[in-house]
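Working notes for the structure below.
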Amino acid sequence: MVETMSGIPLDPTYGDGLQPGEYPYTRGLYPTGYRSKLWTMRMFAGFGTATDTNARFHALLRAGGTGLSTAFDMPTLMGRDSDHEWSVGEVGRAGVAVDTLADMEDLFAGIKLDKVTTSMTINGPAAILMAMYVAVAEQGGVHRADLGGTIQNDILKEYQAQKEYIFPPRPSVRLVTDLIRFTTAEMPRWHPVSISGYHIREAGSTAAQELAFTLANGFAYVEAAIAAGLNVDDFAPRLSFFFNAHSDFFEEIGKFRAARRIWATWMKDRYGATNAKSLMCRFHTQTAGVSLTAQQPENNIARVALQALSAVMGGTQSLHTDSFDEALALPTEKAARIALRTQQIVAHETGTASVVDPLGGSHFVEWMTDEMERQANEIFDHIDQIGRGSMLEGVYAGIDDGYFVGEIADAAYRFEREVNAGRRIIVGVNEFTENDDDEANLLSIGHATEEMQIKRLDQIRGDRNDDAVRASLTALVEAAGQPDINLMPSIIDAVQTYATEGEIVAALESVFGTYVETAMV
Amino acid sequence: MSETPGISPLSADDQGPLRVVLAKLGFDGHDRGLKVVARTLRDAGMEVIYLGLRQTTDSIVAACEQEDADVIGLSMHNAGHLTLAPRMVQAVEEAGLGVPVVIGGIVPAEDVTVLIEAGVAAVLGPGASTEEVVAAVRAAVAHQSPAR
Ligand code: B12
């Protein structure tokens with residue numbers, strides 16, 4: 001039995017009318033919420049070489065973790081090799097460096113891939129990293145069908161916010177749907193795309209824009225997958241979302257509740273899904289890095305705690321809490337530990353996990369939920385209109401005409417002006433300031449990684465069978481020219497020859513072209 | 001322009017508004033701050049040439065020549081500043097442009113001194129106000145060529 005600190009017994013939920021677990025899931029996906037399963041505390045890790053990160057993974061698993069979450073470095077995220085001219089200074093810095101299958105072998109060495117779930121945060125080259133993961137597993141005798149995890153693979157928000165695109169939107173979406181088709185057929189435990197609002201919000205959008213742009217991208221993938229021949233109920237249960245938890249407490253909670261309601265109604269009414277799982281908006285949440293300040297950085301611990309609380313009150317399935325040194329550098333181990341402890345305090349000390357949707361029925365929160373939905377609907381109408389009745393075409397059009405980046409930049413500037421004019425207070429920045437900020441201890445990553453990684457890459461290029469590499473890349477180029485062929489098998493073949501990520505990307509670029517953003521302010 | 005009281009966009013000898021080239025080098029895609037800075041400088045009356053993402057020192061030098069720029073503004077968030085910023089300064093010198101380089105973004109305090117010694121005119125960080133951004137750009141130009 002669950003009771004309060006003072007011994008008052010608690011029901012899993014309160015209130016009449018719509019209950020948690022009931023369509024359209026405004027109040028939560030499951031009737032007993034966190035009582036049956038606490039949210040997953042998934043913290044992002046990755047740095048240096050694959051061997052460095054592998055050691056961190058083993059430490060996490062020994063400490064009782066069952067899920068791994070991989071951060072890749074910029075060259076890997078951009079589909080370039082560590083010795084590319086632009087990779088200088090970036091190798092292994094913001095995440096782990098992966099050039100070839102050999103790095104992926106090192107990254108997961110000694111880890112039973114059928115016993116853990118792995119999350120990989122990568123988009124433009126997602127299909128290549130997915131192929132490497134499958135290849136490593138199969139080398140170790142684990143069948144692809146037994147692999148569980150998530151790959152972000154959400155390319156649309158890259159054009160809108162994160163800017164890690166490689167190819168133009170349409171061929172990129174083909175890669176996304178190829179991966180969805182592949183996992184639907186062969187990897188039933190895998191989540192092939194995590195549709196992300198986090199980056200849209202961090203780039204400057206409002207809460208309603210985050211909600212609407214993200215769900216619109218979700219509808220776009222649904223339309224693309226249906227157009228690629230899939231049945232909506234075959235893949236929709238494996239789609240998941242990723243939202244931001246920013247500082248305006250009730251606005252965020254309204255946003256999370258509205259997300260579930262909108263997704264459920266659209267999936268049922270517009271896309272004809274009938275499996276209840278297809279209607280459920282499952283999401284991961286991360287606290288708002290952009291709200292964290294370089295000034296008086298310890299104050300960020302309080303910000304993160306409140307943001308984490310809003311995510312939990314909003315019913316998130318998993319959570320990453322940012323470290324207090326966010327605005328200074330990559331987190332130190334101590335700062336990351338405090339961030340994890342913050343969620344554990346929310347989970348185990350505050351009682352907020354005892355009751356599902358504890359704010360449901362509040363006049364204000366219900367109004368805010370409706371208001372978020374109303375504002376999102378206005379945005380959907382616009383996208384639907386510029387797409388002439390197709391959300392997929394609407395998202396393409398909004399990318400092409402600068403709608404998304406323009407809206408986001410406008411909102412970011414509006415916010416900045418409000419702060420500057422003192423209409424919005426940021427503690428420690430434009431009010432309650434001090435001049436004696438002492439420098440925190442910061443994590444810094446040296447140059448040794450880059451040299452080691454490039455040496456390793458040279459060695460692999462020397463050891464492999466170049467004819468096999470060339471043949472696999474030629475086959476890939478041929479397949480890429482035929483829109484109906486699923487590229488995953490050819491990409492798996494290519495990674496197995498130890499073709500580098502950069503070589504595979506170059507092969508695809510020769511058919512798909514390279515995306516160049518129109519610079520606009 | 002209410003945010004920038006007292007800061008005139010025009011130089012004393014009235015050569016027209018300052019011309020600022022803004023860019024990001026390499027893979028770094030954090031463009032929120034640079035876009036905010038672009039609008040801030042524009043609202044303060046400057047002429048902003050926004051090159052955006054994936055620029056190289058060469059493309060920035062070329063833009064400066066073509067646009068007759070007075071100052072280069074870069075923002076750097078992915079910890080590449082110690083490599084990239086000095087390269088930019090060197091490229092400007094080699095081209096004989098005599099244009100100052102101002103930087104914003106994530107630069108740890110101890111690196112700021114290193115960059116200033118390498119010839120960067122100013123380094124700003126998170127939370128920099130409109131006034132600070134505009135003042136840093138103007139001061140960099142004034143210092144470089146007192147006539148302007
Ligand atoms: C927003 C953000 C993002 C957004 C970016 C959206 C976008 N399109 O810009 C998203 C979520 C996409 C993102 C992704 C990533 N991010 Co990020 N991000 C941030 C964050 C939280 C805020 C940056 C920001 O926009 N602030 C708001 C603007 C207004 O402020 P600003 O940029 O500082 O600009 C001000 C001043 O610096 C100055 N200024 C800036 N530029 C210029 C230029 C001139 C000329 C002048 C005069 C002044 C000036 O004036 C501005 C106004 O005050 C920072 C941490 C932080 N709190 O600062 C991390 C941070 C920069 N990110 C980081 C990382 C690692 C990443 C990823 C690599 C993560 C990954 N492995 O996937 C990716 C890479 C993305 C890419 N393509 O490069 C790290 C970098 C680590 C480091 N340097 O050591 C940071 C520091 C977070 C951390 N501690 O780990 N990120």
Side-chain angles (χ1 to χ4, degrees), chain A residues 73-75 77-78 80 84-90 93-94 158 161-165 199 202-204 290 292-295 326-330 405 408-410 412-413 415-417 419-421 426 428-430 433 437-440 442-445 447 450 514-521, chain B residues 1-4 22-43 48-59 63 76-87 105-112 124-134:
Chain A
D73 70 358
M74 281 313 292
L77 293 171
M78 299 298 300
R80 307 295 164 184
H84 185 275
E85 58 170 321
W86 283 9
S87 301
V88 181
E90 304 255 27
R93 245 176 223 283
E158 297 298 335
Q162 181 162 247
K163 315 296 174 83
E164 288 166 5
Y165 41 70
H199 316 78
E202 290 283 293
V290 77
L292 304 184
T293 62
Q295 296 77 4
E326 165 80 16
L328 304 172
L330 289 176
V405 290
I408 290 170
D410 286 349
Y413 192 48
F415 180 83
E416 211 67 23
R417 285 165 62 111
V419 172
N420 248 286
I426 312 286
V429 175
N430 63 352
T433 53
D437 287 330
D438 39 34
E439 260 304 295
L442 300 183
L443 182 79
S444 87
I445 291 165
H447 261 294
E450 192 157 314
T514 307
Y515 184 74
V516 179
E517 180 181 85
T518 313
M520 62 173 240
V521 182
Chain B
M1 256 176 286
S2 53
E3 289 96 334
T4 55
L22 295 179
K24 293 206 59 108
L25 281 168
F27 292 139
D28 182 0
H30 292 90
D31 59 2
R32 176 180 181 156
L34 195 66
K35 287 189 172 182
V36 163
V37 166
R39 292 185 186 207
T40 300
L41 297 179
R42 207 163 60 187
D43 284 357
V48 171
I49 299 115
Y50 182 79
L51 303 182
L53 302 174
R54 314 278 132 81
Q55 300 300 313
T56 61
T57 51
D58 286 349
S59 67
M76 301 193 164
H77 291 77
N78 283 356
H81 52 271
L82 289 180
T83 320
L84 299 173
R87 277 196 194 175
I106 304 289
V107 178
E110 58 186 60
D111 295 351
V112 172
L124 278 79
S129 68
T130 300
E131 289 80 5
E132 287 164 338
V133 166
V134 174

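Note on naming: letters A, B, ... go to the chains in the order of the sequence lines (proteins, then strands), and numbering restarts at 1 for each one. None of the values given here were measured: they were computed from a predicted structure. For the numbers below, each heavy atom of this structure counts, side chains included, while hydrogens, waters and symmetry mates do not.
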Checking [X] against chain B: side chain, backbone, both or neither under 4.5 Å from a heavy atom?
X	result
A:V516	neither
A:V521	both
A:E517	side chain
A:D73	neither
A:S87	both
A:A203	backbone

Supply the atom-to-atom distance [X] [atom1] to [Y] [atom2], rounded to the nearest 0.5 angstrom.
X	Y	atom1	atom2	value
A:Y413	B:T40	OH	OG1	4.0 Å
A:H84	B:F27	NE2	CZ	5.5 Å
B:R54	A:M78	CZ	CE	3.5 Å

Subject >> B:P126 backbone acceptor or donor facing A:Q295 side chain under 3.5 Å >> reply: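 Indeed, once roles are kept as given, a pair shorter than 3.5 Å links the two residues.
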
Original post:
Does B:R32 use its side chain to pair, donor to acceptor, with the backbone of A:E202 at less than 3.5 Å?
Top reply: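 Yes, B:R32 side chain to A:E202 backbone: donor-acceptor pair under 3.5 Å.
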
Subject >> Any side-chain heavy-atom pair of B:I106 and A:E326 under 4.5 Å >> reply: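 No, side chains not in contact.
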
Original post:
B:V133 versus A:E416: any side-chain heavy-atom pair under 4.5 Å?
Top reply: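 With C-beta onward as the side chain, the pair stays apart.
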
Counting heavy-atom pairs closer than 4.5 Å to chain A, which one of [options] comes out on top?
options	value
B:A79, B:G33, B:G127	B:A79
B:G80, B:S129, B:G125	B:S129
B:L25, B:T83, B:L53	B:L53

Subject >> Test side-chain contact (heavy atoms from CB on, under 4.5 Å) applied to B:K35 and A:V405, step by step >> reply: CA-CA 10 Å; B:K35 287 189 172 182; A:V405 290; 4.1 Å; yes

Original post:
Looking only at heavy atoms, which two atoms of A:E90 and B:D28 are closest? And how far apart?
Top reply: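 Heavy-atom minimum between the residues: OE2-N, 4.2 Å.
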
Original post:
Stepwise, does the side-chain contact (heavy atoms from CB on, under 4.5 Å) test hold for A:R417 with B:T130?
Top reply: CA-CA 8 Å; A:R417 285 165 62 111; B:T130 300; over 6 Å; no

Original post:
Is it the side chain or the backbone of B:L51 that comes within 4.5 Å of chain A heavy atoms, both, or neither?
Top reply: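 Contact with chain A: backbone only.
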
Original post:
Taking every heavy-atom pair that is under 4.5 Å apart, which of A:V419, A:I408, A:D410 has the most such pairs with chain B?
Top reply: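 Option with the greatest count: A:D410.
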
